[in-house]
There are 2 protein chains.
Amino acid sequence: MTGYRDIKEAVLRRIHAGEWPPGALIPSEADLAAEYGTARGTANRAIRELAETGLVERRRRAGTRVTHRAGRSALVAIPIVRAEIEAAGRRYGYALLDRRIEPGDQRHIGRLDPQAGAPVLALTCLHLADGEPHQLEDRLIGLDVVPDARDVDFTATSPNEWLVRAVPYSRSEHIFSAATPTEDDRGRLRLRPDEPVFLIERRTWLGAKPVTWVRLAHPGARYRMASRDHDAA
Amino acid sequence: MTGYRDIKEAVLRRIHAGEWPPGALIPSEADLAAEYGTARGTANRAIRELAETGLVERRRRAGTRVTHRAGRSALVAIPIVRAEIEAAGRRYGYALLDRRIEPGDQRHIGRLDPQAGAPVLALTCLHLADGEPHQLEDRLIGLDVVPDARDVDFTATSPNEWLVRAVPYSRSEHIFSAATPTEDDRGRLRLRPDEPVFLIERRTWLGAKPVTWVRLAHPGARYRMASRDHDAA
DNA sequence: GAGTGGTCTAGACCACGTT
DNA sequence: ACGTGGTCTAGACCACTCC
């Protein structure tokens, strides 16, 4: 029995073998289906999944081409910090360091980008593993979009966990970087001299409205983020 | 017309609205199909895609449940450095700094993990943007798996580009981290004092055999890696 | 206009795991 | 045993875009 996985692997192999170099047109779904003796739906699923990884590009009428700049992609899981710590067999600790409500203004541009004048909830908290600082979280929440956040007791629940449960979002964006820590980072994460921080910045929207911005700082020398691969063969 | 996207959004909304809290069972494909007046295949695709993002978990006979710890995931594109630089409108430059062939031994454990005694090609090269150091590449290639690499002129072609074109792989793994630069990093990337490096380490296999290991170091203060989102609504 | 991908349908069989 | 998801089929209609 030929399945969509078989077709996917076969096409992947033929691309890697050089049969279809970058830029080349691969056979249409109908031709692939005929060649492998399946329904078109089966070939469709195979090639659709290859397109999702970026290996090929599809356009109606124009057909399916092998992508030129074969960048690789990786699926990075960004765990909830509590789960990450507990999964490592360590004791999770949490502290709310600061909570303010600010009018949305210049300070938030490029981060939350709130509507002019809309109030912003600014939180700073620390996540610990076995009592040792693990992640420093600076967060902005748009109270116009998420009014309920005003009344949540964030000394008991971390904003991450509350938001995941309470607030839907439709789009998010991440930036990963290495940085020299700020003075705050240095003190709160108890960094060694010269130790950098690994930063994850995430912005989240519901439709066009910004929901939350967060900066997650990890001690660089003690943090690595791994990914499973995304291409497959 | 109700499409798989409609069902996907509807289910997403109902989960976020609290109708099905984490751990709850959502209706079977057949029930959803009946509810929304579609074929089962349509409901299948909707829920399958939600499962791919990790929002729900599916098991035969047991049904589909809302995931408990809904970690988020992001799809990170790792571009070929040349394309990345040229896409930014900068001039690409490349230099091979070092090339050695070494017997596979202790030094490579945890990186390439070559078969005992198999020769390893070790390359160091620098990628520049407008003449400024952009990425320092340290690479190991298993010559037992990729014998052709021995005869390639890597002063003309960067190993990244050659490998992408010439060698298939079946699995890869990435680690992202922030680090204090080594003395080599500092000199070759012309780092400012206290400037950290952003590291990408990638290991690639063909079946069970290690193909290549690479460490890509970027000046932290000048490098950010962005991702598109992977969850969708 | 015609060929390509995008999607849906109604049905089917099977694998799997819970009961 | 039986209900669930996993997949395939053969056909269909449509949207898009190149010619």
Side-chain angles (χ1 to χ4, degrees), chain A residues 1-12 14-15 19-68 70 75 228 230 232-233, chain B residues 1-12 14-15 19-68 70 75 228 230 232-233:
Chain A
M1 187 59 199
T2 304
Y4 76 93
R5 289 167 206 275
D6 300 311
I7 299 182
K8 199 172 159 184
E9 285 176 33
V11 170
L12 197 60
R14 292 168 75 176
I15 289 174
E19 182 173 341
W20 301 307
L25 211 51
I26 76 173
S28 73
E29 292 181 357
D31 290 348
L32 285 171
E35 178 175 351
Y36 291 101
T38 71
R40 182 165 73 97
T42 304
N44 173 276
R45 181 161 179 192
I47 308 305
R48 173 163 34 90
E49 293 196 358
L50 289 179
E52 280 165 10
T53 75
L55 188 71
V56 298
E57 284 173 340
R58 323 195 75 190
R59 284 199 342 264
R60 282 170 156 116
R61 164 76 208 193
T64 301
R65 289 182 184 279
V66 179
T67 309
H68 262 104
L75 191 60
R228 46 175 245 260
H230 190 249
Chain B
M1 187 60 199
T2 305
Y4 76 94
R5 289 167 207 275
D6 300 312
I7 299 182
K8 200 173 157 183
E9 284 176 35
V11 170
L12 197 59
R14 292 167 77 176
I15 288 174
E19 182 174 340
W20 301 306
L25 210 52
I26 76 173
S28 73
E29 290 182 0
D31 290 349
L32 286 171
E35 178 175 352
Y36 290 101
T38 71
R40 182 165 76 97
T42 303
N44 173 275
R45 181 160 179 195
I47 307 305
R48 172 162 37 89
E49 293 197 359
L50 290 179
E52 279 165 11
T53 74
L55 188 71
V56 298
E57 284 173 340
R58 322 196 75 189
R59 283 197 344 263
R60 282 171 156 117
R61 164 78 207 194
T64 301
R65 290 181 185 279
V66 179
T67 309
H68 264 105
L75 192 60
R228 49 175 243 259
H230 189 251

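Basis for what follows: all heavy atoms, side chains included, without hydrogens, waters or symmetry-related copies. Chain letters run A, B, ... following the sequence lines, proteins first and then strands; every chain starts at 1.
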For D:dG5, does OP1 or OP2 lie under 4.0 Å from any side-chain N or O of B:T64?
yes
Output the rounded distance in Å from CG (A:D31) to C1' (C:dG5).
13 Å
The reported gap from CD in A:E57 to CG in A:L50 (rounded to nearest 0.5 angstrom) is 13.0 Å
Starting from C1' on C:dA10, measure out to CG on B:N44 and report it in whole angstrom.
14 Å
Distance, rounded to the nearest Å, where B:I47 contributes CD1 and D:dG5 contributes P:
9 Å
Rounding to an integer number of Å, can you tell me how far A:D6 CG sits from D:dT7 P?
11 Å
Give a yes/no answer on whether the side chain of A:Y4 brings an N or O atom under 4.0 Å of OP1 or OP2 in D:dT7.
yes
A:R45 (side chain) and C:dT7 (base): donor-acceptor pair under 3.5 Å
no
Quick one, A:I26 and A:I47 - any side-chain contact, counting heavy atoms below 4.5 Å?
yes
Does D:dC8 have OP1 or OP2 sitting under 4.0 Å from an N or O in the side chain of A:T2?
no
Between B:T67 (side chain) and B:L55 (backbone), is there a donor-acceptor pair under 3.5 Å?
yes
If you check every side-chain atom of B:E29, which of D:dG5, C:dT9, D:dT7 has the closest atom?
D:dG5
Distance from A:R61 atom CZ to A:S28 atom OG, nearest 0.5 Å?
11.5 Å
Between C1' of C:dG5 and CG of A:L32, the distance in whole Å:
12 Å
Check whether any side-chain heavy atom of A:V56 lies under 4.5 Å from a side-chain heavy atom of A:V11, and answer yes or no.
no
I need the CD1-P distance between A:I26 and C:dG3, as an integer number of Å.
19 Å
Under 4.0 Å from OP1 or OP2 of D:dG5: is there any side-chain N or O of B:R40 that close?
no
Identified side chain to side chain donor-acceptor pair (under 3.5 Å) partner of B:E29 from the options B:R58, B:R45, B:R48:
B:R58
Distances under 3.5 Å between protein N/O atoms and the N/O atoms of nucleotides 16-19 of chain C, please, pair by pair.
{"from": "C:dT18", "atom 1": "OP1", "to": "B:R59", "atom 2": "NH2", "distance (Å)": "3.2"}

Separation of D:dG6 C1' from B:E52 CD (nearest whole Å)
13 Å
Does D:dT9 have OP1 or OP2 sitting under 4.0 Å from an N or O in the side chain of A:T42?
yes
With a non-hydrogen cut-off below 4.0 angstrom, is B:G63 in contact with a base, only sugar-phosphate, or nothing?
sugar-phosphate
Check A:I7, A:T2, A:L32 against A:T42 for a side-chain contact (heavy atoms from CB on, under 4.5 Å) and give me the one that passes.
A:I7
Starting at atom OH of B:Y36, determine the distance to atom P of C:dT9, rounded to an integer number of angstrom.
14 Å
